[in-house]
Amino acid sequence: MKTEILAQIGEKGLQPGAALNAALAANDRVKFVFSLLQFALAHAKNPEQAAPSLRHERIACGIDAPDLDDAAAGARMVGASCLVPGAAKILQSMTEDMRVMASPVLADKPDGFDVRLETLLADLPKPEGDLIAPEVISAITLTERNGADSLHKLVMDLHKRLNAMQAALAEESIDGAAAYNLEASDRPWVSAFMKGLNRTAKLKFAHPGLATTATHADGRLVIQNDIGTTDAHVIVIHVEKLSVSVTYTDVHPERLAFFQDLLKPHGVKWQADQTAMLAAGVPFYLATGVFEAEDAEACRAYLEYLGSRLVFLIDWNRARKQLRGFLRSADRIAVLRWAAENEIGHRGFLELGGARLINDSIEASAGSSMHFGNRLCDVLGDAETIEFAHFVFKAATEGLLAGQSHGFIQDRIRVALATHFANEERQLLRLALDHAGLIFEIASLVREGLHDDQAGADKRAHRARRYEHDADQLVSETRAAVLRRPEYATFRPLIEAADDAADALEDAAFFLDLDALGGKPMPLLHDLADLLVEAAQEWIKALGDGEAIGRIAGRDETQDFLAAFDRLAALEHQVDDAERALTAAAIRHAKDFRQLHLFTAIGSRLEVASDALRHASLILHEHVLNDVING
């Protein structure tokens, strides 16, 4: 009707813009009907599932028909047909809107759109008693490009043509946005949106998309962005006063959830119905979020932020799938979120081959560490694989932006992955070193308990138990690491042997908590405790030198390692002798049976700890000489 009135008053220059605005508004209404029919059918087939009202979407696209709010919830199966309240009226309005939407295209260049429109509309049945066959709804809303035509496919094709016509009609360009029919108050909002979009648009690299149009219609600014090339991937932004409404459609519910998560910092309020949409299993998903700004500055900041996020939606699902062989599901999304938050993005990663980029690095760096069916996170661990993925995304993006060759970037990534694999042995040695430090602490507590009175016994025993618990945690971490990297299986018996020392020393601390000891055997027990502290120190030295050999294999480090190993052997013999001497003295001089038992029990546990450290040192000795130096 607007175009007819404009023609009668002679404003022919406004007719194309008015027709395009009307067509784009009709597009919103038709897509609303598609969603309504899909949700109605889904609810009719599964009445136990709640159906959304789509009230907010109905209002947003300008349909004044409140009775439609309950149409999906009122749908039910009647025999083989689906009863949708008001179905006849719904299809009639859809037919009218299809013609309004097609009108500017047919007037410009039909290109077969006229034949498709008339054929598809002619095939529409006239519902009797508001009954529609499920296959009719499926035929209307079909989106797959192979196979029969559908009204949904026609709408997507018409929408593309309308966008192109709107861009050609533009009266001005605002920072790259094709704009027409704007009011003066609209331009700052468009500029803010484009500022954010242009800041991150470079991160799409060679991928098409992010074309933006802006116009003023129905008393509000309308900004539309094509995002990428996917037919159902569309974002429309309405700005009215300080209220910004975002209507977003997508074929991937995971990407919709990701987009909603990106907008969380600004407190965008999404309609509660959208949760039901994500669980409904329909061909595409639609959500509307509203941001109410406190002032103009906040509104501009939000529009800028919103524009800057769109590039991170392009090829998002492809990037998520490309990470499938390396990370767990939640971690894949976390990496993509990190890439967006740090304005690195994932398109650089895809430009360089995506999964192939990482797989090539694995083949060049992992050697026998990776086996068929292994994910990278199963071998390196979750945290380290996430760290590596961050590096890959960052290196790819920064390298491409800097003009570095693909080969150079790939080499950087291969070196980084090789470093991660090489680090595993050093990390296991560091776990063993941390464990050795706890052994030293427990041994020192035992020595301290022998030299001091009984006053602090409870605290010492408690600390010893805490240290022993921490040591057990390090053993668990080592076992998990060895499961990921079987080629480092040596470290499991090594740390388990050392942990026997920690357990024995904690037992000795427990015995000291039971009663104060005194008498002639005490000096021998002191000597024994001193030897264990020294053995714990030598064990720390042996591990530290072993780590150094793994890095530089210098003569001095090798000599120090061998010296520590020999010293541990000598200390083990001294402990054996000291433990026998203690037992003999206790038998002769203990004042009662309980004291005799405590002397011998503590001496025995210290001797077990010494043997355990010697056993662990033999495992380390064999590994360093055979696997590190000669390997």
Side-chain angles (χ1 to χ4, degrees), residues 323 325-332 334-335 358 361-392 414-440 467-503 539-540 542-551 553 561 612-613 615-629 631:
L323 292 170
F326 316 109
L327 289 162
R328 306 184 200 287
S329 179
D331 290 339
R332 296 199 298 271
V335 166
I358 296 179
S361 298
I362 289 173
E363 290 180 11
S365 308
S368 62
S369 302
M370 293 283 288
H371 304 283
F372 180 76
N374 280 351
R375 285 183 301 183
L376 192 59
C377 62
D378 296 326
V379 177
L380 285 185
D382 294 332
E384 196 159 354
T385 305
I386 290 170
E387 180 185 342
F388 174 65
H390 289 174
F391 176 82
V392 171
R414 287 172 186 168
V415 169
L417 184 58
T419 301
H420 279 282
F421 277 104
N423 279 343
E424 189 75 24
E425 182 170 9
R426 290 200 292 274
Q427 289 172 356
L428 284 165
L429 277 166
R430 286 172 189 145
L431 285 176
L433 268 168
D434 290 342
H435 187 276
L438 293 169
I439 292 173
F440 174 77
Y467 290 145
E468 193 272 335
H469 173 75
D470 292 343
D472 286 342
Q473 292 296 110
L474 294 174
V475 173
S476 297
E477 289 182 40
T478 301
R479 287 170 178 161
V482 168
L483 281 176
R484 296 193 305 267
R485 302 290 300 275
E487 67 271 30
Y488 294 127
T490 294
F491 284 91
R492 176 168 180 167
L494 182 150
I495 201 166
E496 287 176 345
D499 199 52
D500 289 340
D503 291 340
W539 176 232
I540 292 172
L543 287 166
D545 292 332
E547 183 191 13
I549 291 172
R551 284 184 282 117
F561 169 74
L613 289 178
H615 182 202
S617 73
L618 288 170
I619 297 172
L620 178 64
H621 180 267
E622 182 178 0
H623 170 67
V624 170
L625 293 187
N626 295 336
D627 299 335
V628 177
I629 295 177

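It should be emphasised that the depicted structure is a prediction, and the values quoted were computed from it without experimental measurement. Numbering of residues begins at 1 and proceeds along the displayed sequence. Below, all heavy atoms of this structure are taken into account, side chains as well, without hydrogens, waters or symmetry copies.
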Any non-hydrogen side-chain atom of [X] less than 4.5 Å from a side-chain atom of [Y]?
X: Phe491; Y: Leu431; result: no
X: Leu483; Y: Arg479; result: no
X: Leu620; Y: Leu429; result: yes

[X] and [Y]: which non-hydrogen atoms are nearest, and at how many Å?
X: Tyr488; Y: Leu428; answer: CB-CD1, 3.6 Å
X: Glu468; Y: Ala502; answer: CG-O, 4.1 Å
X: Leu327; Y: Arg332; answer: O-NH1, 3.1 Å
X: Leu438; Y: Ala471; answer: CD1-N, 3.5 Å
X: Ala432; Y: Leu543; answer: O-CD1, 3.4 Å
X: His615; Y: Ala497; answer: ND1-CB, 3.7 Å

Distance, nearest 0.5 Å, that separates [atom1] of [X] from [atom2] of [Y]:
X: Leu417; Y: Ile358; atom1: CG; atom2: CD1; answer: 8.5 Å
X: Leu494; Y: Leu618; atom1: CG; atom2: CG; answer: 10.5 Å
X: Leu474; Y: Arg430; atom1: CG; atom2: CZ; answer: 14.0 Å
X: Ile619; Y: Ile495; atom1: CD1; atom2: CD1; answer: 11.0 Å
X: Thr490; Y: Glu622; atom1: OG1; atom2: CD; answer: 7.0 Å
X: Ile439; Y: Trp539; atom1: CD1; atom2: CH2; answer: 7.5 Å

Steps toward side chain to side chain contact (heavy atoms under 4.5 Å, CB included) verdict (Leu323, Asp331): CA-CA 9 Å; Leu323 292 170; Asp331 290 339; over 6 Å; no
Contacts of type ring-ring contact (aromatic ring centres under 6.0 Å, His included), residue His390, not counting sequence neighbours: Trp338
Test log, rule side chain to side chain contact (heavy atoms under 4.5 Å, CB included), inputs Asp503 and Asp472: CA-CA 9 Å; Asp503 291 340; Asp472 286 342; 4.2 Å; yes
